[in-house]
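Worksheet: one structure, shown below.
No experiment lies behind these values; they were computed from the predicted model shown.
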Amino acid sequence: MEELFEKLKDYADTRFNLFRLKGINKASGMMSSAITTVVLSVFFILVIVCITIGVALIIGEWTGKLYYGFFIVAGIYLIIGLVFYSMRDKWIKTPVSNKLLKEILD
């Protein structure tokens, strides 16, 4: 009987360690995905800023006043921002929630 309890205790310890290691694996996977997303987002934002300045300067040169180019580009971004705001649940919230749930449950 004592041997059975010892094996049961070993089994419980093994299951606990397995559960703990699976949790650590999931957490590290989610953390690495988050860090990768942040790094790529920073580079993407820097590229967009440089392109935006270039486009604003070109438009400003075409219109004769540099600040017109920046106002036009800002207006374009305002329209894009309003579209994203109106579609935020469909384009951002749902896909991000689904990805997080998939990472947690897999």
- In short, Thr63 meets Gly60 closest at the heavy-atom pair OG1-O, 3.2 Å

- Message: Let me check something: do Val73 and Phe44 share a hydrophobic cluster, defined by ILVMFWY side-chain heavy atoms less than 4.5 Å apart, either directly or through other members?
- Response: yes

- Message: Nearest 0.5 angstrom please: Lys102 NZ to Lys99 NZ, how far?
- Response: 7.0 Å

- Task: Could you check if a side-chain atom of Leu82 sits within less than 4.5 angstrom of a side-chain atom of Ser86, using non-hydrogen atoms only?
- Result: no

- Report the distance from atom CG of Leu66 to atom CD1 of Ile59, rounding to the nearest 0.5 Å. 11.5 Å

- About how many Å separate CG of Leu21 and OG of Ser28, when rounded to the nearest 0.5 Å? 10.5 Å

- Query: Taking a hydrophobic cluster as the set of Ile, Leu, Val, Met, Phe, Trp and Tyr residues connected by side-chain heavy atoms closer than 4.5 Å, whether directly or through intermediates, do Val96 and Val38 fall within one such cluster?
  - Reply: no

- If you measure from CD1 on Ile76 to OG1 on Thr52, what distance do you get to the nearest 0.5 Å? 9.5 Å

- Kindly say whether Lys90 contributes a backbone atom to a donor-acceptor pair with the side chain of Thr94 at under 3.5 angstrom? no

- Task: Give, for atom CG of Leu46 and atom OG of Ser41, the distance between the pair rounded to the nearest 0.5 Å.
- Result: 11.0 Å

- Task: Taking side-chain contact (heavy atoms from CB on, under 4.5 Å) as the test, write out the residues that go with Ile58, two or more places apart.
- Result: Trp62

- Shared hydrophobic cluster, Ile24 / Leu18 (ILVMFWY, side-chain heavy atoms < 4.5 Å): no

- CG on Asn25 to CZ on Arg20, rounded to 0.5 Å: 12.5 Å

- Message: Under the ring pair (Phe, Tyr, Trp, His ring centres under 6.0 Å) definition, can you give me all pairs with a residue in residues 2-24, not counting sequence neighbours?
- Response: none

- Query: Cluster question for you: counting only ILVMFWY and a side-chain heavy-atom cut-off of under 4.5 Å, with indirect links fine, are Ile48 and Ile80 together?
  - Reply: yes

- Task: Sort and list the pairs that fulfil ring pair (Phe, Tyr, Trp, His ring centres under 6.0 Å) and have at least one residue in residues 69-106, not counting sequence neighbours.
- Result: Phe84-Trp91

- Message: With side chain to side chain contact (heavy atoms under 4.5 Å, CB included) as the test, pick out the partner of Ile51 among Ile53, Val55, Val49.
- Response: Val55

